[in-house]
Protein chains: 2
Amino acid sequence: MNIGDVARLSGLPAKTIRYYEDIGLIRPKRSANGYRSFGDSDLHRLAFLGRARALGFTIEDCRSLMALYQDESRESAQVKRIAEDHLHRIDDKIAQLQGMRATLAHLVSCCAGDDRPDCPILEDLGAGEADCCKG
Amino acid sequence: MNIGDVARLSGLPAKTIRYYEDIGLIRPKRSANGYRSFGDSDLHRLAFLGRARALGFTIEDCRSLMALYQDESRESAQVKRIAEDHLHRIDDKIAQLQGMRATLAHLVSCCAGDDRPDCPILEDLGAGEADCCKG
DNA sequence: ATAAGGTTTCCAGCCGCTGGAAGGTCAAGG
DNA sequence: CCTTGACCTTCCAGCGGCTGGAAACCTTAT
C-alpha cells in the first residue's frame with residue numbers, strides 16, 4: 001500500500017502520516033522506488049493513532065499508549081493513569097471555556113447590536129466590569 | 001512607566017507586551033535610553049487586551065475590537081457580530097470536548113486500573129469500538 | 001512523447017507566546 | 001570609582017501538530 005491508500009483507509013492526511021513517520025510513531029518500509037510501503041500493521045497503528053488523537057490525547061500520550069498497546073506485560077493502571085490525567089485536562093478546559101462562554105453570552109445579550117455606538121461589550125473590555133446590569 | 005511596571009499593573013508578562021508592540025497592538029514611546037515608556041493610555045489598552053484575551057478572543061479579534069473601541073462612529077452591531085462568532089466557536093469547542101469527555105470517561109470507568117494487562121481503553125483505541133459493554 | 005496523477009524531500013508558516021543569550025542602563029552600597 | 005544586581009534592549013529559536021507549497025521523481029495511460 002502506498003501512502004494515498006492508507007490515507008484513504010485511515011482517514012488521516014498523507015501529510016500527517018509522513019509527519020508521524022518523522023517523529024517516529026510509525027516505521028513503514030520502503031519500496032525499491034523509494035515510496036513508503038505500508039503493511040496492515042502500519043495501517044492498524046495509524047488507525048489507533050487517529051482514534052487516540054480524536055479523543056484529544058497529545059502526541060506524547062499517543063506514543064506512550066502505543067508502547068503500552070504493544071507491551072504484553074503492561075499494567076492497565078498505567079493506561080488508566082494516562083487517560084485520567086487527560087480527562088482532567090479536558091475537564092479543566094471545559095470549565096475554562098464555560099467560564100468564558102457565560103461572560104461572553106451575557107455581554108452579547110446586553111448589546112443592542114444596532115447602528116448606535118453604545119456597546120456594553122466594549123465597555124466591559126475597557127473598564128473591567130460590566131455596566132450593562134447596573135442601576 | 002517602564003515595561004516592568006505595566007507588566008505588574010496589567011498582569012501581562014513583559015514578553016507578551018513586547019510581542020504586542022511587535023505586532024502593532026500598542027505603540028509605546030521610547031525614553032532617551034531606549035527603554036519603552038508607557039503612558040496611561042498604553043496601560044489602558046493593555047488591560048483591554050488582557051481582558052479580551054481572557055475571554056478567548058484571537059489576536060485578530062482583539063485588533064478589530066480595539067479599533068472599534070477607539071472609533072466613536074462604530075455601530076454596536078459590528079462588535080456584537082465579532083462576539084457572537086466567537087461565542088459560536090466556543091460552543092463548538094465545548095461540544096467537541098464534551099464528546100471526548102463522554103467517551104473517555106466511559107472507557108476510564110471500564111478500566112480496572114490494576115496490575116493486569118487487560119484494558120478496555122487500549123482495546124477501544126485498537127479496534128475502534130468499546131468492548132467493555134458488550135455481552 | 002506527453003500528460004496526469006501519484007510520490008519524494010525540504011523549507012516555511014500557522015497561533016500566541018515563551019525561553020534564552022548577549023549586551024546596555026541605572027540606582028544603591030562599599 | 002567600582003561592583004553588584006535588577007532592570008531593560010534585541011534577536012533567534014522553539015513549543016504542538018500539523019499544513020502549504022515548491023521542485024523533482026515515478027507510474028500509467030494515451
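Values in this document were obtained by computation on a predicted structure and should not be read as measured data. These numbers come from the heavy atoms of this one structure, side chains and all, not from hydrogens, waters or symmetry mates. Chain A is the first sequence line, chain B the second, and so forth, proteins listed ahead of strands; every chain is numbered from 1.
- Residues of residues 52-62 of chain A that place a heavy atom closer than 4.0 Å to DNA chain D, in numerical order, are A:R53, A:T58, A:I59.
- When the side-chain nitrogen and oxygen atoms of B:R30 are compared with OP1 and OP2 of D:dT10, one or more of them lie within a distance under 4.0 Å.
- A donor-acceptor pair is defined here as one N or O able to donate and one able to accept, closer than 3.5 Å; such a pair exists between the side chain of A:R63 and the backbone of A:I23.
- Remark: C1' of D:dC8 and CD1 of B:I17 are 13 Å apart, rounded to the nearest angstrom.
- Checking C:dC17, C:dT9, D:dC18 against the side-chain heavy atoms of B:T16 singles out C:dC17 as nearest.
- To the nearest angstrom, P of C:dG19 lies 8 Å from NZ of B:K15.
- Of all nucleotides listed (D:dT9, D:dT27, D:dC18), D:dT9 comes nearest to the side chain of B:I3.
- A:D22 places its CG atom 10 Å from the C1' atom of C:dC10, with the value rounded to the nearest Å.
- In this model, a donor atom of one side chain and an acceptor atom of the other lie less than 3.5 Å apart for A:S76 and B:D114.
- A salt bridge does not link B:D118 with B:R116: none of the charged nitrogens is closer than 4.0 Å to a carboxylate oxygen.
- For the pair B:P117/A:E72, no side-chain contact is recorded, criterion being any heavy-atom separation below 4.5 Å from C-beta on.
- Nucleotides of DNA chain C nearest to B:P13 and A:G34 differ in position, and the one nearer the 5' end is that of A:G34.
- Nucleotide D:dT27 holds its P atom 10 Å from the CG atom of A:N2, rounded to whole Å.
- In this structure, A:C110 and A:P120 approach most closely via the heavy-atom pair O-CG, 3.3 Å.
- Close to D:dG16, at under 4.0 Å from its OP1 or OP2, lies no side-chain N or O of A:R63.
- Side-chain nitrogen and oxygen atoms of A:R36 include none within less than 4.0 Å of the OP1 or OP2 phosphate oxygen of C:dT7.
- Taking only side-chain nitrogens and oxygens, B:N33 never comes nearer than 4.0 Å to OP1 or OP2 of D:dC8.
- In this structure, the CE atom of B:M1 is 16 Å from the P atom of D:dC7, given to the nearest Å.
- Residue B:R18 places none of its side-chain N or O atoms closer than 4.0 Å to OP1 or OP2 of D:dT10.
- Residues A:Y69 and B:L125 form no side-chain contact, since every pair of their non-hydrogen atoms from C-beta on lies 4.5 Å or further apart.
- Judged by distance alone with a 3.5 Å cut-off, no donor-acceptor contact links the side chain of A:Y19 to the base of D:dG16.
- A salt bridge does not link A:D124 to B:R51: none of the charged side-chain nitrogens sits closer than 4.0 Å to a carboxylate oxygen.
- Atom CD1 in B:I26 sits about 12 Å away from atom P in C:dC17, given to the nearest Å.
- Take the nearest nucleotide of DNA chain C for B:Y35 and for A:E21: the residue whose nucleotide is more 5' is A:E21.
- With rounding to whole Å, B:I23 atom CD1 is found 8 Å from C:dG16 atom P.
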